Amino acid sequence: MEVSIVGSGYVGTTVAACFAELGHSVVTIDVDEAVVEAINDGRAPIHEPGLGALVAEHGGDRLTATTDYGVAPETDVTFLALPTPSNADGSVDTSIVEAGAESLGAALSGVEDHLVVVKSTVVPGTTEDRVEPALTEGGADVDVAVNPEFLREGSAVADFTDPDKVVFGTDGGRGVETLRAVYEPLVAEVDPPVVETGRREAEMIKYANNAFLATKVSLINELGNICKAYGVDAYEVADAIGLDDRIGERFLRSGVGWGGSCFPKDVAAIIAAARAKGYEPELLEAAVEVNDRQPGRLLGLLDSHVDVAGKRVAVLGLAFKPGTDDVRESRAIPVIEGLQARGAEVVAYDPVATENMRERFPEIEYVASAAAALDGASGAVVVTEWDEFAALDDAFDAMAEPVVVDGRRIIERRDGIVYEGLTW
Ligand code: UDX
């Protein structure tokens, strides 16, 4: 099929390359000329495992890019994969999606039988009330569907290629036939469950998915805090409860909490959307509160062993999770702020996220290895579970005061250091 995708960010580029791999002819539309040039040259504009190889293979061939919406009418279907950032009150800002829909609608004016698919994360009713009117105001005759993405950073290509589910939200028109045809090669290959539902339901599924997972982590963090108070190992408890199929073993790693580009934004957006309808979502608010509390608890444990004022403290891990250089909403941010408020001299290490964190905290010291961060430090906190932190061995011997507070259960308890696990 001929597929166009508006937006060559994280989701748009991954989906475009994966659709090309499935055999479709794909053109992405983006305002950023550098991104367009990269794709046409066969270079991935973002770093994601497996993506570089796909763009190298198909870029400039079955996968092309342009800044011109004029290509859309030559395709069978157009996906909107534009960002939906947060407003100051946490609600979702749909202005970029709406502007994209307007430009697309103008390009599709007079075209018949075209399907537009919203991939951006938007609250229920947005497609119907805002995107569809923006598309059709220029006279375009289009069907509009919703097809959310559940890709994780660091495994986006694998998540696309072998998804837990695919969701088609349509108003029952011809849209569902087109979506089935687009996904047919994927369904033939890995046969994922395909959920065919309404557009509002599809919009809500994305938020419900992320709100559920974020709340699951906050719940295990709350249970973990109680475990800690009673000298119980929360990881042994989590392993056991995870054996119950109704609970499931995944997303039960307790610690310093969740961050990233999706969970904080999406949970805030669904809270704001609930309030807009007069419903106070207390459980989701509590999930955020527990998440906000964990960095302070980590520092509280450090305080119980060492007064860090005027002392060097190592922060191990800056990325919001391992396998990425993304520091958006990373728990390292409140941890560093807390250390600064205590008058500590922060020395930070991350294998890949240093440059991104330097933009946020230019004033702290960044070093090239975990061992260098620990050298002479009176206390260390672990914020990201990079594998290399499990193999630090003798590096702790160089600490001035060997107190280690682990927020991710990556460091082994050992002789010669004071070791505190956040929930164990
Ligand atoms: C998430 C969703 O998983 C994905 O489906 C959606 O499309 C985008 O948001 P991502 O943000 O890439 O993906 O990260 P994910 O691996 O889900 O982790 C999110 C956060 O939760 C990280 O900060 C991670 O450290 C934390 N987490 C996760 C825990 O603290 N404990 C766990 O057991 C799992």
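Reckoned from all heavy atoms, side chains included, excluding hydrogens, waters and symmetry mates. The shown structure was predicted, so the numbers you read here are calculated from the model rather than taken from an experiment.
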Taking only Lys NZ, Arg NE, NH1 and NH2, and the carboxylate oxygens of Asp or Glu, determine whether Glu203 and Arg200 approach each other closer than 4.0 Å. no
Is Asp245 atom CG crowded by more than 12 heavy atoms from other residues, nucleotides or ligands, each under 6.0 Å away? no
Between the main-chain N or O of Ala106 and the side-chain N or O of Ser109, is there a donor-acceptor pair closer than 3.5 Å? no
Please determine whether the number of non-hydrogen atoms from other residues, nucleotides or ligands lying under 6.0 Å from atom CD of Glu249 exceeds 12. no
Distance-only, no hydrogens or angles: does the Asn147 side chain make a donor-acceptor pair with backbone N or O of Val167 under 3.5 Å? yes
After noting the C-alpha distance and the side-chain angles of Val144 and Leu135, does the key distance pass the side chain to side chain contact (heavy atoms under 4.5 Å, CB included) rule? CA-CA 9 Å; Val144 189; Leu135 278 164; 3.7 Å; yes
Which heavy atom of Val383 sits nearest to which heavy atom of Ala332, and what is that distance? CG1-N, 3.4 Å
Residues passing the side chain to side chain contact (heavy atoms under 4.5 Å, CB included) test with Ala287, sequence neighbours excluded, are Thr215, Ser218
Is it the case that over 12 heavy atoms from other parts of the model lie below 6.0 angstrom from the CD atom of Glu363? yes
Heavy-atom nearest pair, Thr170 first then Ala145, reads CG2-CB, 3.9 Å
Has Lys228 got a side-chain atom pairing as donor or acceptor with Trp424's backbone, closer than 3.5 angstrom? yes
For the student: nearest non-hydrogen atoms of Glu21 and Arg62, plus distance: O-NH2, 4.0 Å
Treating Tyr235 as the side-chain partner and Ser254 as the backbone partner, does any N or O pair qualify as donor plus acceptor under 3.5 Å? yes
Glu365 atom CD, over 12 foreign heavy atoms within 6.0 Å: yes
Could you go through Ile333 and Glu329, starting from their C-alpha distance and side-chain angles, then the distance that decides it, and tell me whether this counts as side chain to side chain contact (heavy atoms under 4.5 Å, CB included)? CA-CA 7 Å; Ile333 296 169; Glu329 300 288 334; over 6 Å; no
Pairing of Arg342 and Asp303 as salt bridge, 4.0 angstrom limit: yes
Does CD belonging to Glu282 count more than 12 external heavy atoms closer than 6.0 Å? no
Rounded to the nearest 0.5 Å, how far does OH of Tyr366 lie from CE of Met357? 6.5 Å
Which pair of heavy atoms, one from Ala17 and one from Leu63, lies closest together, and at what distance? CA-CD2, 4.1 Å
CA sep, side-chain torsions, deciding dist, call: Val335, Leu299, side chain to side chain contact (heavy atoms under 4.5 Å, CB included): CA-CA 7 Å; Val335 166; Leu299 295 175; 4.2 Å; yes
Can a side-chain donor-acceptor contact be found between Asp93 and Ser95 if the only test is distance below 3.5 angstrom? yes
Just how far is it from atom NZ of Lys321 to atom CH2 of Trp386, taken to the nearest 0.5 Å? 10.0 Å
Check against side chain to side chain contact (heavy atoms under 4.5 Å, CB included), Val313 and Leu302: CA-CA 10 Å; Val313 175; Leu302 184 63; 4.1 Å; yes
Measure the acute angle between the ring planes of Tyr349 and Phe389, then classify it against the limits of 30° and 60° as parallel, tilted or perpendicular. perpendicular
Just so I know, are the side chains of Arg328 and Lys265 near enough to count as touching, which here means a heavy-atom distance under 4.5 Å? no
Taking Glu48 for the side chain and Ala156 for the main chain, is one N or O donor matched with an acceptor at less than 3.5 Å? yes
Determine, for Glu196 against Arg180, whether the closest basic-nitrogen to carboxylate-oxygen distance falls under 4.0 angstrom. yes
Whether the side chain of Thr66 engages the backbone of Asp68 through a donor-acceptor N/O pair (distance < 3.5 Å, no angle test) should be reported. yes
With heavy-atom distances below 4.5 Å as the criterion, would you say the side chains of Arg409 and Glu385 are in contact? no
Test item: Thr423 and Arg297 side chains (from C-beta on) under 4.5 Å apart, heavy atoms: no
Does any part of the side chain of His24, heavy atoms only, come nearer than 4.5 Å to the side chain of Glu2, both counted from C-beta? no
I'd like to know if the side chain of Asp171 reaches the main chain of Gly173, judged simply by a donor and an acceptor atom lying under 3.5 Å from each other, with no hydrogens or angles considered. yes
Minimal heavy-atom distance between Gly105 and Ala140, with the atoms involved, is O-CB, 3.6 Å
Nearest heavy-atom neighbours spanning Thr84 and Thr121: OG1-O, 2.8 Å
Please answer whether the main-chain N or O of Ser8 pairs with a side-chain N or O of Thr13 as donor and acceptor at a distance below 3.5 Å. yes
After noting the C-alpha distance and the side-chain angles of Phe19 and Tyr183, does the key distance pass the ring-ring contact (aromatic ring centres under 6.0 Å, His included) rule? CA-CA 8 Å; Phe19 277 157; Tyr183 278 91; 5.6 Å; yes
Gap separating the CE atom of Met1 from the CG atom of Leu22, nearest 0.5 angstrom: 12.0 Å
Tell me whether Asp406 contacts the main-chain N or O of Ile411 through its side chain, where contact means a donor paired with an acceptor under 3.5 Å. yes
Please determine which of Thr354, Thr384, Asp350, Asn356 meets the side chain to side chain contact (heavy atoms under 4.5 Å, CB included) test together with Val327. Asn356
Verify, without hydrogens or angle tests, whether Ser330 (side chain) and Asp326 (backbone) share a donor-acceptor contact under 3.5 angstrom. no
